[in-house]
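To keep things clear, I will list the structure first and then write my remarks on it.
Here is the naming used below: chain letters follow the sequence lines, and residue numbers restart at 1 for every chain.
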Amino acid sequence: MSETPDTTAAEIPTLFDFAAAEPGLTKAWQDAGLFRAQAERTTRLGGDRDPFTVLIPPPNVTAVLHVGHGLNNTVQDVLIRWRRMAGEEALWLPGTDHAGIATQNVVEKIIAKEGKTRFDLGRDAFVKRTEQFVEETGGVILQQLKAIGASADFSRTAYTLTPELSSAVREAFVRLYEKGLVYRGHRVIHWCPRCLTSLSDEEAEFHDSEGAMHHVRYLFADDPSQGITIATTRPETILADVAIAVHPEDERYAAFVGKDVLLPMTGIRLPVIADSYVEKDFGTGALKITPAHDANDFEVGKRHGLAMPVVIDPTGKMNVMHADDVHRIPADLVGLDRFDARKKIVKLLEASGALVKVERHANSVRRCYRCETVVEPRLSDQWFVKMAPLAAPALAAVKDGTIRLLPEKHEKVYINWLEGIRDWNISRQLWWGHRIPVFTCENLHADAYREDPTACRQCGARIISQDADVLDTWFSSWLWPISTMGWPNADAKDLKAFFPSDVLVTAPEILFFWVARMIMAGYEYMGEPAFHTVYLHGTVRDMQHRKMSKSLGNGIDPLDVVERYGADALRWTLIQGMGLGVDVMLDPNDLDKSFAPGRNFATKLWNIGRFILLQVGDDAIAPLPIDAASLRLEDRWILGRLDAAIAECDAALGPARPAHGKWPEQERQMGMRLDAYAEAARRFVWNELADWYVEALKPRLATPGADREIARSVLVHVFDHGLRLLHPIMPFVTEALWQRLPGQGAGRFVAVSAWPTRRTSGDVGAEFEVVREAIDAIRTLRAEYGVQPGHPIKAFVAASEKAAPLGAASALIQRLARCEVIVGAAPTGAAAQAVLTSGLELSLPLEGMVDLEKERARLQGELSNLSKQLDALRGRLSNEKFTAKAPPAVVEAERAKEREWAARCAQLEQKVQELVG
RNA sequence: GGGCGAAUAGCUCAGUUGGUUAGAGCAUCUCGUUUACACCGAGAGGGUCGGGGGUUCGAGUCCCUCUUCGCCCACCA
């Protein structure tokens with residue numbers, strides 16, 4: 001990048017050497033500091049640039065890049081590059097998440113190979129070991145992001161466990177604690193017996209499973225000849241039963257309420273109680289109550305003041321937690337795993353005759369989202385956040401259009417979740433994470449402290465302990481939009497300049513885990529929306545529509561794709577295949593199918609550039625605008641097409657933000673159509689600029705003179721702007737080409753060039769469209785009749801204003817269609833015809849070259865088709881309701897169409913007659 | 001159990017408030033190396049828009065229903 005490259009053919013190969021070019025471009029961008037955002041330049045700090053902020057969904061610090069990251073980050077990069085070029089102060093803030101459970105699990109696995117558990121190491125040593133692991137392996141993914149072109153501001157790289165972010169987490173906790181929104185709750189929570197921690201509702205994911213419903217008969221204490229049959233899917237919890245419940249209005253059982261039954265196996269006496277929670281119509285209508293091992297039973301137990309014995313220990317084995325409960329577990333079951341115990345208990349029940357029957361039963365079982373172990377409902381003390389007050393503004397923001405979710409369908413899911421919000425269990429019995437800042441003194445006063453205390457705030461006594469638990473990893477993630485910018489320091493420059501942020505790009509899977517909670521945190525701590533747009537993209541799947549995953553072995557390594565096809569190809573494929581919220585299908589067994597089109601497009605771009613550089617040379621270029629009179633047909637046309645492309649790209653991408661704080665109803669679903677943007681830009685550069693304009697220009701470029709200069713100017717202008725339009729998607733090849741354009745060079749970057757805007761002249765160069773149609777029509781006829789490529793033909797067209805462009809472009813038509821067009825001469829004799837829909841009649845005498853009978857049949861077919869269409873059209877037009885009710889513009893368009901089709905039918909009929917005669 | 005979404009060409013998908021003869025890429029077939037590009041160019045074939053019903057002058061688009069698939073939520077043991 002240090003010198004202006006020479007533009008000799010020898011030095012421009014026909015393929016873009018992406019492997020050689022990409023690392024250099026990445027380095028050049030970074031060295032030039034193009035992606036470093038400056039708070040002072042934003043309008044919020046008195047500058048003249050609107051800030052545009054995107055926060056990366058922080059990947060786990062130990063993650064390696066997979067294609068899902070590739071998709072997520074490519075979208076963010078496209079947006080950020082687009083707004084940067086639009087002259088805004090664009091900040092893409094990167095970083096990683098310490099990922100509590102996930103990272104702890106990884107390190108536990110590593111030390112397990114040494115035959116150790118975390119308890120063997122002890123808390124401090126384990127945390128140190130994990131820190132060391134993160135230091136060695138962490139952050140790799142951010143380096144990998146550079147390889148796919150990510151234009152993030154790496155000078156601001158954040159990590160949820162830095163001292164700064166940790167203090168933000170602590171401040172956030174203490175504030176909620178002081179407001180009474182954090183509380184200690186004693187209740188049944190989801191417990192992972194493998195990770196040995198509690199989980200939030202969101203972290204305990206439902207999985208469908210084929211279970212068994214066991215019907216078990218409990219006999220009455222006073223009359224063992226009778227009993228009540230209950231149904232359960234978890235027979236092992238029978239040992240912790242404290243009651244049988246029936247519905248108060250269930251006549252079948254009314255007489256039994258108040259009696260005692262005997263628990264099978266242990267013979268413990270249980271009362272029969274009435275509670276309206278029980279559903280009469282489900283199962284047997286009688287329900288065993290196990291308060292310590294089921295969240296609903298816990299509520300029933302509380303209402304009835306029942307005991308809450310525990311029979312399953314934290315590791316999922318049958319063990320009591322309290323000496324009083326020892327008699328609850330038969331000796332030969334003690335210490336058994338819960339699932340082994342289940343089998344054994346079923347046998348015991350069967351042997352004793354208590355097992356009435358076993359039915360297959362499909363149900364959903366919750367599993368740990370990190371290790372898929374079946375979670376165990378467990379009675380314990382945990383810290384909770386009271387969510388209703390936090391949810392209210394987050395709900396209102398989406399309902400009133402302050403924040404929009406794309407695609408729209410997710411708004412309903414979001415609203416539904418928030419309206420039924422439940423309190424958030426934020427304590428985890430882990431060691432890796434932010435330790436809960438609650439301290440207890442000798443006098444057992446517990447309180448939350450911003451700084452580690454030396455004495456009790458209430459009584460001055462010595463502090464004896466800190467809460468052993470750490471916070472849910474998402475308790476730091478939900479602060480990401482503010483903690484990364486310096487909160488709680490209200491004067492932090494970044495916080496002032498870049499918060500609220502703009503667009504959040506992520507997968508729908510973490511809508512509740514993360515997105516909804518960030519919105520809540522934005523309002524709770526800043527009183528503002530964290531962002532105005534949530535873009536929820538699809539999932540990358542294979543051809544069987546399976547999610548790509550390591551375990552299935554159907555993944556695609558983005559870095560492998562970068563190596564084989566280039567980063568631009570990877571990005572192109574991801575973006576052009578990405579409808580709003582639609583999954584992206586890629587074939588892991590045929591990378592070519594997925595990524596060759598992107599590489600091919602990069603090559604095409606490269607060769608357009610190669611041609612232009614070779615033809616145009618290094619001499620100075622006169623900038624536009626150019627006197628309209630000097631422009632030729634194709635010049636005016638391509639400039640018009642550029643304007644159209646700019647308009648389409650802008651419409652597909654924007655608006656970048658709501659104009660007045662809230663999204664107006666008509667704008668709520670607008671923009672963010674990245675696939676439409678990609679297609680509009682591709683079509684302009686390939687199908688218009690390369691296929692037509694460049695072809696039209698070749699002779700002009702070869703002929704020195706004033707017109708060559710015009711051609712050079714327009715050509716460089718439209719290519720330059722085409723590159724700009726494509727740069728956000730394909731940053732590397734566009735940058736490599738753009739820097740070589742005349743007038744650019746070292747120190748100039750398309751990455752920070754101005755996003756194209758439309759010219760003001762309304763001229764779209766419509767005359768050239770007539771030429772294109774003529775060439776298309778002639779080519780079609782040539783192909784249809786197999787006229788030899790070298791065989792010259794002639795066409796005649798009656799002189800008219802409309803035919804004038806054909807005369808002006810006769811050389812072009814001659815070159816591209818191999819056809820001499822003669823304006824003004826009347827066709828004579830029997831001639832096969834190409835008739836243009838634009839109303840021009842172009843006569844091509846094909847006698848001697850084609851089969852006239854075949855031509856007659858072709859015309860006959862066309863005539864018959866068109867007649868049918870015309871009849872239908874006339875039927876519509878003669879319908880009074882249509883003419884009365886349809887908009888006048890539509891009616892007028894239909895009338896014009898009718899005239900045109902009628903004329904063409906007449907022409908066709910005449911030609912058919914001629915050929916018959 | 002509740003809610004939401006999808007079904008358009010062989011494949012993956014567009015199709016903006018209903019309004020020309022429903023589009024793109026890939027794949028297929030034919031032709032072509034004209035001095036940027038064969039990772040290219042020219043041309044062609046291919047869809048009763050899942051089935052049925054309705055509203056309307058007009059439906060791929062709106063409504064109902066059925067079928068199939070998918071996602072989210074859920075305290076029926």
In whole angstrom, give me the gap between the [atom1] atoms of [N] and [M].
N	M	atom1	value
B:rA27	B:rG41	P	12 Å
B:rA24	B:rA42	P	13 Å
B:rU65	B:rA7	C1'	16 Å
B:rC29	B:rG46	C1'	11 Å
B:rA6	B:rC13	P	14 Å
B:rG45	B:rA9	C1'	11 Å
B:rG52	B:rG15	C1'	24 Å
B:rA36	B:rU28	P	28 Å

Keeping [X] on the side-chain end and [Y] on the backbone end, is there a donor-acceptor pair under 3.5 Å?
X	Y	answer
A:W686	A:L605	no
A:H214	A:T232	yes
A:R404	A:M670	yes
A:D583	A:V540	no

So, [X] and [Y], do they make that salt bridge, N to O below 4.0 Å?
X	Y	answer
A:R779	A:E773	no
A:K357	A:E359	yes
A:R876	A:E894	yes
A:E688	A:R683	yes

Complementary nucleotide for B:rC39 - Watson-Crick or wobble, under 3.5 Å: none

Non-hydrogen atoms of [X] and [Y] that approach each other most closely:
X	Y	value
A:M548	A:P588	CE-CD, 4.1 Å
A:V216	A:I238	CG2-CD1, 4.1 Å
A:T539	A:K547	CG2-CG, 3.6 Å

How is [X] classified with respect to the nucleic acid when contacts are heavy atoms under 4.0 Å: base, sugar-phosphate, or nothing?
X	value
A:A295	nothing
A:R895	nothing
A:R546	nothing
A:S364	base

Rounded interatomic separation in angstrom, taking CG from A:L287 and C1' from B:rC76: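 The distance from CG of A:L287 to C1' of B:rC76 comes to 9 Å, rounded to the nearest Å.
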
Could you tell me how far apart A:L270 (CG) and B:rA77 (C1') are, to the nearest whole angstrom?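 One finds 16 Å between C1' of B:rA77 and CG of A:L270, rounded.
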
Any N/O pairs under 3.5 Å between the protein and nucleotides 55-60 of chain B? List them or say none.
from	atom 1	to	atom 2	distance (Å)
B:rC57	OP1	A:K885	NZ	2.3
B:rC57	O2'	A:N879	ND2	3.3

Verify the contact: side-chain N or O of A:H214 to OP1 or OP2 of B:rA77, cut-off strictly under 4.0 Å; return yes or no.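 Checking B:rA77 against A:H214, no side-chain N or O comes under 4.0 Å of OP1 or OP2.
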
Using the closest heavy atom to pick a nucleotide of RNA chain B for each, name whichever of A:F512 or A:T284 lands nearer the 5' end.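 Final value for this comparison: A:F512.
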
In 5'-to-3' order, the base (B), backbone-only (S) or no-contact (-) status of each nucleotide in nucleotides 33-45 of chain B, using a 4.0 angstrom heavy-atom cut-off, is -B-BB-BSSSSS-

Close N or O pairs between protein and nucleotides 4-15 of chain B (under 3.5 Å):
from	atom 1	to	atom 2	distance (Å)
B:rG5	OP1	A:K412	NZ	3.4

At what distance, to the nearest 0.5 angstrom, does OG1 of A:T284 lie from CD1 of A:I244? 8.5 Å

